[in-house]
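Here, residue 1 is the first one in the sequence, and each next residue gets the next number.
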Amino acid sequence: MFGLSIFKEHKDLSIMLIPEFINKFLTYGVHGVYWYVYLIIGLYLITPLLRPFFRNANNKELLYAFSICTLFVIISALFPDVRWVKGFHSDYFVYIAYFICGYIIAHYLRDLKYTKDFSLIVTLVILVLCTINGIYKFTTLPLDFFMSLSLFTLMLYVPIKETKPLLFVSNASYGMYLSHVVFISIFLKLGFSDKLPLWIEPFAMACIVMIAECALMLVIKKMKLNRWLN
């Protein structure tokens, strides 16, 4: 991605670009599509500090941690311009909140009696609210946070069978992720967003991009190009 951006800016590849690459890699990243790399590194570094508490925490302490993380995400979304502490960026801790809440759901909340039904209701409600909010902006609440947690909870109850289509998507998922930015840009250039009603645009675009990505990965696999791309 860094190389492509160099060509796009009509720069010549040379050894003098190494310092620029290192600077971008250590600061804001070589490309936005690789944002997760910095997130994963941070989680690997902080996990040893979190492990002693969560391994020995009782149910009340886990529920307390879940509530604090959720409250922090809500406050951060409602008051994005608040300067908590000099040099402190709340976004980094929001990612940790996802990590902690996901762990608590998988190891504690999933076993509660009505968790499955509750997560299904929350998913449907948040889906409706996200659709309405996309058309008529009425809230800055972190709906995506609650949607992510509820969908993750539902997935814990889904029995997964190893079918050929599922294995194909699983094996090609990383390539599909890297290519989705390209396909979204192409479809936007073609004016798909202007031709589709706003209420169905997100779902339709997701389906179209998914089909295009699957077709690309299938071509790569059939032509055995994946051995050169791995």
Over 12 foreign heavy atoms within 6.0 Å of OH, Tyr157: yes

Contact summary for Glu61 and Asn56, nearest pair of heavy atoms: OE1-O, 4.2 Å

Residue pairs, two or more places apart or on separate chains, that pass side chain to side chain donor-acceptor pair (under 3.5 Å) and touch residues 124-149: none

Partners meeting ring pair (Phe, Tyr, Trp, His ring centres under 6.0 Å) with Phe145 (sequence neighbours left out): Tyr98

Spacing of Cys101 atom SG and Leu62 atom CG [to the nearest 0.5 Å]: 11.0 Å

Side chains of residues 42-51: which donor-acceptor pairs under 3.5 Å do they make with residues two or more places apart or in other chains?
residue: Thr47; atom: OG1; partner: Leu43; partner atom: O; Å: 2.5

For Phe54, all residues meeting ring pair (Phe, Tyr, Trp, His ring centres under 6.0 Å), sequence neighbours excluded: Tyr103

Rounded distance (nearest 0.5 Å) linking atom CG of Leu109 with atom CG of Leu63: 6.5 Å

Hphob cluster co-occupancy, Ile68 + Phe93, side-chain heavy atoms under 4.5 angstrom: no

Shared hydrophobic cluster for Ile211 and Leu218 (ILVMFWY, side-chain gaps under 4.5 Å): no

Which residues share a side-chain hydrogen bond (donor to acceptor under 3.5 Å, both in side chains) with Thr70, sequence neighbours left out: none

Cluster overlap Ile121 with Phe146, hydrophobic side-chain contacts below 4.5 Å: yes

From Leu71 atom CG to Phe66 atom CZ, the distance as rounded to the nearest 0.5 Å: 12.0 Å

Considering all heavy atoms, the nearest Arg110-Thr115 contact: CA-CG2, 4.1 Å

Closest heavy-atom pair and its distance - Gly102, Phe152: O-CE2, 3.3 Å

Co-membership, hydrophobic cluster, residues Phe72 and Ile75, 4.5 Å side-chain: yes

Approximate separation, where rounding is to 0.5 Å, of Ile126 CD1 and Ser119 OG: 12.0 Å

Over 12 foreign heavy atoms within 6.0 Å of CZ, Phe118: no

Interatomic spacing from CG in Leu156 to CG in Leu151 - rounded to 0.5 Å: 11.0 Å

hydrophobic_cluster_shared for Tyr114 and Leu124, side chain cutoff 4.5 Å: no

By side-chain hydrogen bond (donor to acceptor under 3.5 Å, both in side chains) - contacts of Ser150 (at least two apart): Thr123

Met147 side, atom CE; Leu129 side, atom CG - distance, nearest 0.5 Å: 8.5 Å

